[in-house]
Asks: 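What follows is a structure written as structure tokens; I'll ask about it next.
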Number of protein chains: 4
Amino acid sequence: MARGVNKVILIGNLGGDPETRYMPNGNAVCNITLATSDSWKDRNTGQLQERTEWHRVVFFGKIAEIAGQYLRKGSKVYIEGRLQTREWEKDGIKRYTTEIVVDIGGQMQMLDGRGDGGGYDQQPQGGQQRPQQPAPQQQAQPVQQPDYQRAAPAAQIPPEPAPAQSYDNFDDDIPF
Amino acid sequence: MARGVNKVILIGNLGGDPETRYMPNGNAVCNITLATSDSWKDRNTGQLQERTEWHRVVFFGKIAEIAGQYLRKGSKVYIEGRLQTREWEKDGIKRYTTEIVVDIGGQMQMLDGRGDGGGYDQQPQGGQQRPQQPAPQQQAQPVQQPDYQRAAPAAQIPPEPAPAQSYDNFDDDIPF
Amino acid sequence: MARGVNKVILIGNLGGDPETRYMPNGNAVCNITLATSDSWKDRNTGQLQERTEWHRVVFFGKIAEIAGQYLRKGSKVYIEGRLQTREWEKDGIKRYTTEIVVDIGGQMQMLDGRGDGGGYDQQPQGGQQRPQQPAPQQQAQPVQQPDYQRAAPAAQIPPEPAPAQSYDNFDDDIPF
Amino acid sequence: MARGVNKVILIGNLGGDPETRYMPNGNAVCNITLATSDSWKDRNTGQLQERTEWHRVVFFGKIAEIAGQYLRKGSKVYIEGRLQTREWEKDGIKRYTTEIVVDIGGQMQMLDGRGDGGGYDQQPQGGQQRPQQPAPQQQAQPVQQPDYQRAAPAAQIPPEPAPAQSYDNFDDDIPF
DNA sequence: TTTT
DNA sequence: TTTT
């Protein structure tokens with residue numbers, strides 16, 4: 001149940017390799033940082049400005065395993081998740097960090113054509129090793145290039161023809 | 001698995017009561033039409049123009065049951081689904097209809113404060129009756145105001161403090 | 001120009017009245033906090049859990065004026081913006097706050113049927129007064145229930161007929 | 001103004017080269033077809049199924065010129081637009097076609113790393129020639145790899161640190 | 001810390 | 001008609 005909508009959609013590049021860890025129950029958690037960039041012309045100087053926004057993304061569960069396996073530093077990726085802010089403390093001072101959580105309700109889509117992470121290598125990424133005991137059923141699953149969050153579509157789905165619209169009789173009062 | 005993203009987000013009002021039917025296997029299918037409206041000033045005449053777009057939305061599965069149960073003509077609703085075009089034939093002529101499919105990968109959120117459909121009555125909606133034999137487990141589920149597609153969130157969730165940003169030292173070259 | 005996508009979509013309720021201020025150049029800035037809620041059943045205890053996520057939303061420009069004018073504590077609203085993290089300092093310690101920025105590239109949509117803020121009163125909201133000198137042209141604009149970000153649509157817009165799909169010949173291997 | 005939300009987000013590949021035409025007033029219109037694919041395992045046979053959905057996308061205005069210039073058959077692209085259904089007639093029979101309209105309120109983002117269309121060549125695309133008389137100002141604009149719909153961001157935007165969350169004390173009742 |  |  002929910003009262004509200006909390007949705008984040010990002011397309012960006014990884015600032016570093018993903019970091020995957022495992023919880024005591026065997027569930028995976030994978031962290032990445034994602035850069036999205038804007039550039040615009042300064043109104044006064046006319047100079048081209050650029051600004052990069054960095055996002056903290058955390059994957060949970062099966063999607064975390066695949067993120068850790070296929071993404072690499074530099075990978076371009078589509079992310080759909082939700083905003084979540086958590087509290088932490090340093091030197092007795094409370095701080096807050098906002099993350100984009102991607103779990104069963106989210107989506108991840110690699111955008112590097114090759115089907116790899118677009119990164120440096122394809123070795124299973126380092127970091128904390130998966131505990132061997134728990135959650136053996138997840139290891140068994142041969143994870144291919146995934147989707148997540150995609151139900152099987154309905155029965156038929158033919159392409160949709162129709163003549164291109166004629167705009168010849170349009171006047172100035174139209175679509176833009 | 002998916003190679004691509006196919007997402008539709010709508011907020012609008014139902015043009016009529018939902019129509020729910022059941023497939024041979026007991027699964028529910030619910031159809032609604034949804035109106036979204038735009039208005040704008042004609043560039044030439046300066047007159048206020050209005051245009052309503054009508055969308056065909058089809059729910060599948062458990063979310064179809066809840067849509068049929070809670071939505072009514074006039075209800076305001078948030079919909080998240082995917083585009084799908086299907087072929088059909090009339091008088092030997094092929095036609096195509098594009099619908100917004102909402103199933104396990106989608107979301108529905110009622111936006112009428114009361115928690116009912118915002119519509120005329122609250123009687124279980126008519127139309128085809130659910131077959132009594134199949135899928136009895138779904139009848140057992142006491143469906144409250146639903147969400148769908150929402151995993152249990154992470155552990156803590158504190159409000160987030162921070163002073164409002166000072167914009168006093170801003171010049172003209174900013175956010176807009 | 002952009003290299004990436006940075007989009008946030010929220011539907012929630014305001015935790016308090018909006019706070020509007022004006023920058024030296026006359027541009028408005030409006031801050032709100034928005035709550036989105038999730039509830040779910042604890043897997044172990046079966047108890048219903050609830051968690052509220054609080055979001056800091058900041059409007060800029062014309063949309064800030066309308067947000068400040070129409071939204072109130074408790075208002076339900078649809079927001080489309082982008083994530084942005086800014087640095088600030090307290091007691092010599094750097095902190096970071098993530099906000100959802102809504103400006104010309106974003107959207108706001110009130111979801112309280114009445115067309116008012118759904119809140120307590122309809123008085124022009126207090127807080128910092130608008131400076132009288134700059135940007136007088138914006139005061140002149142009679143702001144109705146707004147949209148933003150909506151181009152005039154194309155010429156015609158008929159409702160769309162088509163027979164409902166027959167699912168009678170479906171087997172178990174379908175849409176969900 | 002709008003009463004409702006009508007948003008489509010697609011990531012897919014072009015089925016053919018874009019077709020650009022110009023309206024009498026000099027405004028560009030560009031049509032593409034976009035494929036999004038799903039694959040899933042048949043529940044009964046266990047076989048991998050695939051289904052491609054084809055979308056008709058129409059760009060208007062400046063974004064149409066850039067789409068026509070940079071996109072090619074096979075290009076991967078992110079699209080944000082709105083649903084619109086238009087009526088047309090053939091043999092005295094009314095038909096309806098649903099398109100995704102991308103104009104000033106939408107967005108386009110090329111996802112082929114190279115910065116070209118990812119397609120076959122980079123020659124200015126054929127089709128109807130732009131009329132030389134009207135809208136000369138648009139020809140003057142040196143269109144680079146665009147964004148659209150992106151306002152200049154706020155003043156500062158530093159990266160956001162914080163220690164990675166410790167999940168060691170988590171039990172089974174968490175994020176997924 | 002990414003990318004073009 | 002695309003892509004992997």
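Order of the sequence lines sets the chain letters (A, B, ...), proteins ahead of strands, with each chain counted from 1.
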Asks: What's the closest nucleotide to the T52(A) side chain, out of dT2(E), dT3(F), dT3(E)?
Replies: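 Closest nucleotide among those given: dT2(E).
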Asks: Stepwise, does the side chain to side chain contact (heavy atoms under 4.5 Å, CB included) test hold for E50(A) with R3(C)?
Replies: CA-CA 10 Å; E50(A) 172 147 2; R3(C) 291 193 296 284; 2.6 Å; yes
Asks: In terms of side-chain heavy atoms of E50(A), which of dT3(E), dT1(E), dT1(F) is nearest?
Replies: dT3(E)
Asks: Counting side-chain heavy atoms from CB outward, which of dT4(E), dT4(F), dT2(F) is closest to A35(D)?
Replies: dT2(F)
Asks: With centres under 5.5 Å and planes under 30° as the test, does W54(A) stack with dT1(E)?
Replies: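 Yes; by the centre-distance and plane-angle rule, W54(A) counts as stacking on dT1(E).
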Asks: What nucleotide, of dT2(F), dT1(E), dT2(E), holds the atom closest to the side chain of N13(D)?
Replies: dT2(F)
Asks: Whether the side chain of N31(D) engages the backbone of V58(D) through a donor-acceptor N/O pair (distance < 3.5 Å, no angle test) should be reported.
Replies: no
Asks: Quick one: I32(D) CD1 to dT3(F) C1', roughly how many Å, whole number?
Replies: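 Those two atoms, CD1 and C1', are 14 Å apart.
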Asks: Rounded off to whole Å, could you give me the CG-to-P distance for the L71(D) and dT3(F) pair?
Replies: 14 Å
Asks: Given atom CG of L34(D) and atom C1' of dT3(F), what is their separation to the nearest angstrom?
Replies: 10 Å
Asks: I need the single residue from L34(A), T33(A), T36(A) that forms a side-chain contact (heavy atoms from CB on, under 4.5 Å) with W54(A). Which is it?
Replies: T33(A)
Asks: Find the distance E19(D):CD to dT1(F):P and express it as a whole number of Å.
Replies: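 In whole Å, dT1(F) P and E19(D) CD are 14 Å from each other.
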Asks: Thinking salt bridges, do R82(C) and E53(A) make one under a 4.0 Å N-O criterion?
Replies: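 Between E53(A) and R82(C) there is no salt bridge, as every charged N stays at least 4.0 Å from the carboxylate O atoms.
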Asks: Measure NE2/H55(A) against P/dT2(E) and give the value in whole Å, please.
Replies: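 That distance rounds to 15 Å.
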Asks: Quick one: I11(D) CD1 to dT3(F) C1', roughly how many Å, whole number?
Replies: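 Rounded to the whole Å, the gap is 13 Å.
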Asks: Measure the distance from CG on L111(D) to P on dT2(E) and round it to the nearest whole Å.
Replies: 20 Å
Asks: How many Å lie between CG on D112(A) and C1' on dT2(E), as a whole number?
Replies: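 Checked: the CG to C1' distance equals 11 Å.
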